[in-house]
**Student:** 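The following block contains the structure, expressed as structure tokens.
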Amino acid sequence: MDEREMSQEHPFAPFVRILGKGKNGSRSLTRDEARTAMGMILDEQVEPEQLGAFLMLIRMKEEAPEELQGFAEAVRERLRIPAGIEVSLDWSSYAGKKRRLPWFLLAALALANQGVRIFMHGARGHTPGRIYTEDVLAEFGILPERDWQGVERSLEARHFAFMSIDTLVPRLGNIIQLRPVLGLRSPVHTLCRLLNPLAAACCIDGVFHPPYAPMHQKTAQLLGTRYSLTIRGDGGEAEMKPDSDTELHWVRGANLDHEYWPRLYNQRMVREEQLGPADLRRFWRGEIDHAYGEGAVISTLAAALRLLSQEDHARSTTEWIDQARECWNARDIDRY
């Protein structure tokens, strides 16, 4: 900026001021303010210093559902998606796994094998030492789609498609990669999980920190998602933990529900010293046994099946587990 431009307040400055006026003067953004602010960020109408301040001020106070609603609406307004791409389930994967393999991926592929059309989106590389879905999918011969025509082809061929946030919304992908610079996750990590770009009737996502689950739940409802499930899952992904009770937050139309699903195994399972992504494909093909992996797949499948049933919630957890086992045992082991 030249000296004359610096003498005038930047149009984005009021949004930073709203958030940063101190303990007694600051407040959350309204839905409209959030939509306008995110629109300016997406259109690259903010200075780098403003972006960093904005993201970290929201991170300190934690995102409000109305802010996330406005952010998501700004993103959706700028997406250019061809009409007619239909999916049954939106599945977000942004955390990466550190201590366990991403067994949830096998649950998603088993559902796709049964004809459930799944659009999965995520990010990679923002936190060292983690295994990301995009990388593991290569073990199954599945590459991230580069355009919506590719998504449509994959959905027709295998009922499953993955797109990186770098392709879906490149600006958000760039911001996610600022984590090593900022030292913290930014609200964009939360926002991306809730985008549901293809307007699926059912959405599933994961969180690690307890306060984020009800935040995701309420935001999904505000965005008009009819049925959603937020799992306080392993590593922050949408993966049930078979050796501990798992916290679940549901959206069922106008109703918001919260419950704990009981563990499958009474004792904690020992973690592997080294994680081998190739084991996922070997397990799919029935070439190896893996007690923890089987429990994670079955319990995650059970929760996803309950979500997809939409209005059918009278069955017990045991009945959903039994249906999940049937789904898993019916998979085509030669498909991958």
Side-chain angles (χ1 to χ4, degrees), residues 38 41-42 68 71-97 102 104-113 115-127 130-179 186 188-206 216 220 223 225 228-229 236-239 277 280 304 335-336:
M38 182 54 63
I41 291 171
L42 294 170
L68 290 167
F71 293 161
E73 289 172 345
V75 174
R76 290 176 175 181
E77 287 169 0
R78 288 160 175 79
L79 292 175
R80 298 293 180 264
I81 302 175
I85 303 179
E86 296 184 2
V87 293
S88 305
L89 179 61
D90 180 276
W91 196 314
S92 62
S93 174
Y94 287 86
K97 296 295 292 296
F104 67 89
L105 179 57
L106 299 188
L109 293 179
L111 286 171
N113 194 70
V116 178
R117 292 167 65 92
I118 299 173
F119 178 66
M120 185 176 285
H121 48 101
R124 62 192 284 259
H126 51 77
T127 306
R130 288 182 177 263
I131 298 173
Y132 293 97
T133 299
E134 182 175 342
D135 298 321
V136 174
L137 282 170
E139 296 283 344
F140 295 84
I142 301 174
L143 299 177
E145 301 302 335
R146 302 300 180 187
D147 53 41
W148 292 110
Q149 290 73 28
V151 168
E152 196 162 20
R153 286 193 298 269
S154 288
L155 289 171
E156 290 299 320
R158 62 170 71 97
H159 303 118
F160 178 91
F162 178 90
M163 181 177 279
S164 168
I165 192 65
D166 295 335
T167 302
L168 180 59
V169 189
R171 178 65 163 153
L172 297 185
N174 292 337
I175 294 173
I176 282 178
Q177 296 305 324
L178 291 176
R179 189 190 190 287
S186 78
V188 166
H189 287 75
T190 304
L191 166 62
C192 290
R193 286 168 161 86
L194 298 165
L195 287 177
N196 187 15
L198 292 175
C202 300
C203 297
I204 187 169
D205 69 275
H216 284 219
L223 287 168
T225 302
S228 81
L229 169 59
E237 289 285 4
E239 180 179 300
L280 291 169
R335 186 172 182 85
Y336 301 108

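The first residue in the sequence is number 1, and the count goes up from there. Quick note: numbers below take in every heavy atom, side chains included, and nothing from hydrogens, waters or symmetry partners.
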**Student:** Please step through side-chain contact (heavy atoms from CB on, under 4.5 Å) for the pair K97 and V136, ending with a clear verdict.
**Tutor:** CA-CA 11 Å; K97 296 295 292 296; V136 174; over 6 Å; no
**Student:** Taking side chain as C-beta onward, heavy atoms only, is L79 less than 4.5 Å from V169?
**Tutor:** yes
**Student:** With heavy-atom distances below 4.5 Å as the criterion, would you say the side chains of I176 and C192 are in contact?
**Tutor:** yes
**Student:** What are the two closest non-hydrogen atoms of A200 and D90, and how far apart are they?
**Tutor:** CB-N, 3.7 Å
**Student:** For R171 and L42, which heavy atoms make the closest approach, and how far apart are they?
**Tutor:** CG-CA, 3.9 Å
**Student:** Which value, rounded to the nearest 0.5 Å, describes the distance between H216 atom NE2 and T190 atom OG1?
**Tutor:** 4.5 Å
**Student:** Can you pull out every ring-ring contact (aromatic ring centres under 6.0 Å, His included) where at least one residue sits in residues 136-177? Sequence neighbours excluded, please.
**Tutor:** F119-W148, F140-Y336
**Student:** At their closest point, which heavy atom of A220 faces which heavy atom of S228, and how far apart are they?
**Tutor:** CB-OG, 3.7 Å
**Student:** Quick one: closest heavy-atom pair of V116 and L89, and the distance?
**Tutor:** CG1-CB, 4.5 Å
**Student:** For the side chain of Y132 and the backbone of S93, is there at least one donor-acceptor N/O pair under 3.5 Å apart?
**Tutor:** no
**Student:** Do T167 and H121 make a side-chain contact, defined as non-hydrogen atoms from C-beta onward lying under 4.5 Å apart?
**Tutor:** no
**Student:** Between Y94 and H126, is the ring centroid distance below 6.0 Å?
**Tutor:** no
**Student:** Is the shortest heavy-atom distance from the side chain of L223 to the side chain of N196 under 4.5 Å?
**Tutor:** no
**Student:** Taking the side chain as every heavy atom from C-beta outward, state whether P144 and R146 have any pair of such atoms under 4.5 Å apart.
**Tutor:** yes
**Student:** Could you tell me the separation between the CG atom of L105 and the CD1 atom of I131, rounded to the nearest 0.5 Å?
**Tutor:** 11.5 Å
**Student:** Looking at residues at least two apart in the chain, or sitting in another chain, which of them share a salt bridge (Lys or Arg N to Asp or Glu O under 4.0 Å) with R335?
**Tutor:** none
**Student:** Answer yes or no: does atom CD of E86 have more than 12 heavy-atom neighbours from other residues, nucleotides or ligands under 6.0 Å?
**Tutor:** no
**Student:** State, to 0.1 Å, how close R158 and G141 come at their nearest heavy-atom pair, and which atoms those are.
**Tutor:** NH2-O, 4.1 Å
**Student:** Measuring from R76:CZ to I81:CD1, what's the distance to the nearest 0.5 Å?
**Tutor:** 9.5 Å
**Student:** Give a yes or no on whether a salt bridge exists between E156 and R117, defined as a side-chain N under 4.0 angstrom from a carboxylate O.
**Tutor:** yes
**Student:** Check step by step if side-chain contact (heavy atoms from CB on, under 4.5 Å) holds for W91 and T133.
**Tutor:** CA-CA 11 Å; W91 196 314; T133 299; over 6 Å; no
**Student:** Which value, rounded to the nearest 0.5 Å, describes the distance between L143 atom CG and L137 atom CG?
**Tutor:** 9.0 Å
**Student:** Would L172 and L195 satisfy side-chain contact (heavy atoms from CB on, under 4.5 Å), going step by step from the backbone distance to the final call?
**Tutor:** CA-CA 11 Å; L172 297 185; L195 287 177; 4.2 Å; yes
**Student:** Please tell me if the side chains of I41 and I175 come closer than 4.5 Å, counting only heavy atoms from C-beta onward.
**Tutor:** yes
**Student:** Check for a donor-acceptor pair, side chain of R193 on one end and backbone N or O of G206 on the other, with a separation under 3.5 Å.
**Tutor:** yes
**Student:** Between E134 (side chain) and M163 (backbone), is there a donor-acceptor pair under 3.5 Å?
**Tutor:** no
**Student:** Does a side-chain heavy-atom distance below 4.5 Å link P102 with E237?
**Tutor:** no
**Student:** Please round to the nearest 0.5 Å and tell me the distance separating atom CD of Q177 and atom CD1 of I165.
**Tutor:** 11.0 Å
**Student:** Please assess D135 against R124 for the test side-chain contact (heavy atoms from CB on, under 4.5 Å), listing each intermediate value before the final yes or no.
**Tutor:** CA-CA 8 Å; D135 298 321; R124 62 192 284 259; 2.8 Å; yes
**Student:** State, to 0.1 Å, how close P82 and Q149 come at their nearest heavy-atom pair, and which atoms those are.
**Tutor:** CG-NE2, 4.2 Å
**Student:** Would you give the length of the straight line joining atom CE of M38 to atom CZ of R78, rounded to the nearest 0.5 angstrom?
**Tutor:** 10.0 Å
**Student:** Any non-hydrogen side-chain atom of L109 less than 4.5 Å from a side-chain atom of I142?
**Tutor:** yes
